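Presented below is the structure to which this report refers.
All values below come from the heavy atoms of this structure, side chains included, with hydrogens, waters and symmetry mates left out. Keep in mind it's a predicted model, so treat the numbers as computed, not measured.
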Amino acid sequence: MNIIPFDKRDGYIWQNGEIVNWNDAKVHVLNHGLHYASCVFEGERIYSGKIFKITEHSQRLHDSAQMLDFKIPYSVEELNEAKKLILKKQNIADGYMRAFAFRGSEKMAISAQGNKIHVAIACWEWPPYYSEEARKAGLKLRFAKYRRPSPDTAPVKSKAAGLYMICTISKHEAERDGYNDAIMLDYRGYLAEATGANLFLVMKNGELHTPTPDCFLNGITRQTIIDIAKKRNIKVVERHIMPNELSDAIDCFLTGTAAEITRIGSIENYLYPNPAQMTLDLMEDYHNLVRK
């Protein structure tokens, strides 16, 4: 498949309050966000010309920036309007949106007091990350080498660029070994998440269990699925889950902006060959919700 590099595409990007040509949206190589990972971001889905959970994502961008000790110079409402503006300019019906904020180039050191905060928003056409068949058939996963860090070692509640470095490493290693992705444990050895999506287990007793997000991101899609499940009178249990408890599940799935709801077919020796009806129902409910 011929994929156009992101720096070679046509269109427009919203940058620091202005719409600029795609190829003119540049920053200096000595910006603090690149060298010290002082960058926060959001990934958002566009369905039928509408941005799903637009305000929740804008608010989380603000919250993440605050955890990295900087303030975004645009309010949640202003970010929402900027997103709608660039979406209209790009004329995208179904796609992906990336809003992000980072420290600039005024100082190049650990201390970056006073560095300008840059904000940009880009969107592009983007088909489903996995086909419907793949999402129902299930992904092949392995356990990752790295673990999600303790809350007293990193701003784990933020959607910060630096926290994804171990995710990229883990996914690359998994792909090289013939897997689709990797499941990460937390610093205590409990199940945490995949490299970019939250984890749910359909248990033999008919309950839906999911790891407590006390050291990783409580995804907006994750929260949406919990709400959908509760409306179906499914008992949702958030708790610490040991890896060997995967044998008590009849099905597993991932949730995220990119993954939406995607089944897991296997996690190393734990096999889930057939989708549970609960998983299929939640998939259908989510599909209907985002496209209504």
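- Val202 and Leu199 sit in two unconnected hydrophobic clusters of ILVMFWY residues. Membership requires side-chain heavy atoms under 4.5 Å apart, directly or through other members.
- Residue pairs that meet the salt bridge (charged side-chain N to carboxylate O under 4.0 Å, His left out) test with at least one member in residues 99-109, sequence neighbours left out, do not exist here.
- Phe253 has its side chain within reach of Thr255: a pair of non-hydrogen atoms, C-beta onward, lies under 4.5 Å apart.
- A donor and an acceptor atom, one from each side chain of Ser105 and Asn31, are nowhere located under 3.5 Å apart.
- The salt bridge (charged side-chain N to carboxylate O under 4.0 Å, His left out) check on Arg239 picks up Glu245, with sequence neighbours excluded.
- Side-chain contact, Asn80 with Thr55: a donor N or O sits under 3.5 Å from an acceptor N or O.
- With respect to the salt-bridge test (charged N to carboxylate O, under 4.0 angstrom), the residues Glu42 and Lys159 do not qualify.
- In terms of modelled atom types and a separation under 3.5 Å, the side chain of Asp285 and the main chain of Lys231 share no donor-acceptor contact.
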side-chain contact (heavy atoms from CB on, under 4.5 Å) evaluation trace for Leu246 with Leu191: CA-CA 9 Å; Leu246 288 168; Leu191 295 172; 3.8 Å; yes
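- Summarising the geometry, atom CG belonging to Asp251 is positioned 8.5 Å from atom CG belonging to Asn274; distances are rounded to the nearest 0.5 Å.
- Of all the heavy atoms in Arg222 and Pro213, the pair that sits closest is NH2-CD, 3.3 Å.
- A continuous path of ILVMFWY side-chain contacts below 4.5 Å connects Leu280 to Ile225, so both sit in one hydrophobic cluster.
- Listed by first and then second residue, the salt bridge (charged side-chain N to carboxylate O under 4.0 Å, His left out) pairs involving residues 27-38 amount to none (not counting sequence neighbours).
- Judged by distance alone, with hydrogens and angles left aside, the side-chain atoms of Gln15 form no donor-acceptor pair with the main-chain N or O of Ile121 at under 3.5 Å.
- Heavy atoms from other residues, nucleotides or ligands lying under 6.0 Å from CE of Met108 number more than 12.
- Minimum interatomic distance between Ala101 and Val119 (heavy atoms only, all atoms of both residues): CB-CG2, 4.0 Å.
- Between the side chains of Asp63 and Gln59, at least one donor N or O sits under 3.5 Å from an acceptor N or O.
- Judged by distance alone, with hydrogens and angles left aside, the side-chain atoms of Thr224 form a donor-acceptor pair with the main-chain N or O of Ile220 at under 3.5 Å.
- Remark: Glu175 engages Lys171 in a salt bridge (charged side-chain N to carboxylate O under 4.0 Å, His left out) (not counting sequence neighbours).
- One distance of note links CE of Met283 with CG of Asn288; it measures 13.5 Å at 0.5 Å rounding.
- Judged by distance alone, with hydrogens and angles left aside, the side-chain atoms of Ser266 form no donor-acceptor pair with the main-chain N or O of Lys140 at under 3.5 Å.
- Listed by chain and number, the residues in a ring pair (Phe, Tyr, Trp, His ring centres under 6.0 Å) with His57 amount to none (sequence neighbours excluded).
- Remark: Asp177 engages Arg142 in a salt bridge (charged side-chain N to carboxylate O under 4.0 Å, His left out) (not counting sequence neighbours).
- Taking 4.5 Å as the limit, some side-chain heavy atom of His209 sits within range of a side-chain heavy atom of Ile241.
- At a threshold of 4.5 Å between side-chain heavy atoms, the hydrophobic network of Ile, Leu, Val, Met, Phe, Trp and Tyr places Ile51 and Leu85 in one connected group.
- In terms of modelled atom types and a separation under 3.5 Å, the side chain of Ser150 and the main chain of Thr153 share no donor-acceptor contact.
- For the residue pair Lys83 / Ser58, a side-chain donor-acceptor distance below 3.5 Å is found, with atom types taken as modelled.
- Transitive grouping of hydrophobic side chains (ILVMFWY, heavy atoms separated by less than 4.5 Å) brings Phe52 and Leu282 into a common cluster.
- Contact record, Ala174 with Asp181: CB-O, 3.5 Å, taken as the closest heavy-atom pair.
- Shown here are the ring pair (Phe, Tyr, Trp, His ring centres under 6.0 Å) partners of His118, two or more places apart in sequence or in another chain: Phe102.
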Where do Lys53 and Glu44 land on the salt bridge (charged side-chain N to carboxylate O under 4.0 Å, His left out) test, with the steps shown first? CA-CA 8 Å; Lys53 300 282 186 178; Glu44 304 170 54; over 6 Å; no
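- Atom NZ of residue Lys157 and atom CD of residue Gln66 lie 15.0 Å apart, to the nearest 0.5 angstrom.
- Asp69 CG: 12 or fewer foreign heavy atoms inside a 6.0 Å radius.
- For Gln113, the CD atom counts as loosely surrounded, since its 6.0 Å shell holds 12 or fewer non-hydrogen atoms of other residues, nucleotides or ligands.
- The list of ring-ring contact (aromatic ring centres under 6.0 Å, His included) pairs with a residue in residues 162-199, not counting sequence neighbours, reads Phe41-Tyr164, Tyr190-His240.
- Gly11 and Gln90 make their closest contact through CA-OE1, 3.4 Å (heavy atoms, listed as atom of the first residue, atom of the second, distance).
- Within 6.0 Å of the OH atom in Tyr270, the count of heavy atoms belonging to other residues, nucleotides or ligands exceeds 12.
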Just distance, no hydrogens or angles: give the donor-acceptor pairs under 3.5 Å from side chains in residues 18-28, sequence neighbours left out.
residue, atom, partner, partner atom, Å
Trp22, NE1, Phe6, O, 2.6
Lys26, NZ, Asn23, O, 2.9
His28, ND1, Leu30, N, 3.0

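- Here the closest heavy-atom approach between residue Thr221 and residue Gly256 is recorded as OG1-C, 3.3 Å.
- Taking the six-membered ring for Trp and thresholds of 30 and 60 degrees, Trp124 and Tyr96 have ring planes inclined between 30 and 60 degrees apart.
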Checking side-chain contact (heavy atoms from CB on, under 4.5 Å) for the pair Thr210/Leu201: CA distance, chi angles, key distance, verdict? CA-CA 6 Å; Thr210 184; Leu201 280 62; over 6 Å; no
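- Ala229 and Val236 make their closest contact through CB-CG2, 3.7 Å (heavy atoms, listed as atom of the first residue, atom of the second, distance).
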Does the side-chain contact (heavy atoms from CB on, under 4.5 Å) test come out yes or no for Leu208 and Met203, once each step is laid out? CA-CA 6 Å; Leu208 185 63; Met203 308 303 287; over 6 Å; no
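- For the pair Glu193 and Arg148, the salt-bridge criterion is met [side-chain N within less than 4.0 Å of a carboxylate O].
- Two residues are said to be in side-chain contact when any heavy atoms from C-beta on lie closer than 4.5 Å; Ile169 and Tyr146 meet this criterion.
- Every residue meeting the side chain to side chain contact (heavy atoms under 4.5 Å, CB included) condition with Glu125, not counting sequence neighbours, appears here in chain and number order: Ile92.
- Residues satisfying the salt bridge (charged side-chain N to carboxylate O under 4.0 Å, His left out) test with Lys136, not counting sequence neighbours, are Glu132.
- Looking only at side-chain heavy atoms (C-beta outward), Leu61 and Ser64 stay at 4.5 Å or farther from each other.
- Taken to the nearest 0.5 Å, the OG1 atom of Thr195 stands 11.5 Å off from the CD atom of Glu173.
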Might you work through the side-chain contact (heavy atoms from CB on, under 4.5 Å) test for Ile166 and Met184, ending with a clear yes or no? CA-CA 10 Å; Ile166 58 175; Met184 307 184 82; 3.8 Å; yes
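- Cluster membership for Ile261 and Tyr47, using ILVMFWY side-chain heavy atoms within less than 4.5 angstrom, is shared.
- Applying the salt bridge (charged side-chain N to carboxylate O under 4.0 Å, His left out) test to pairs two or more places apart or on separate chains, those with a residue in residues 195-217 are Arg188-Asp214, Glu207-Lys235.
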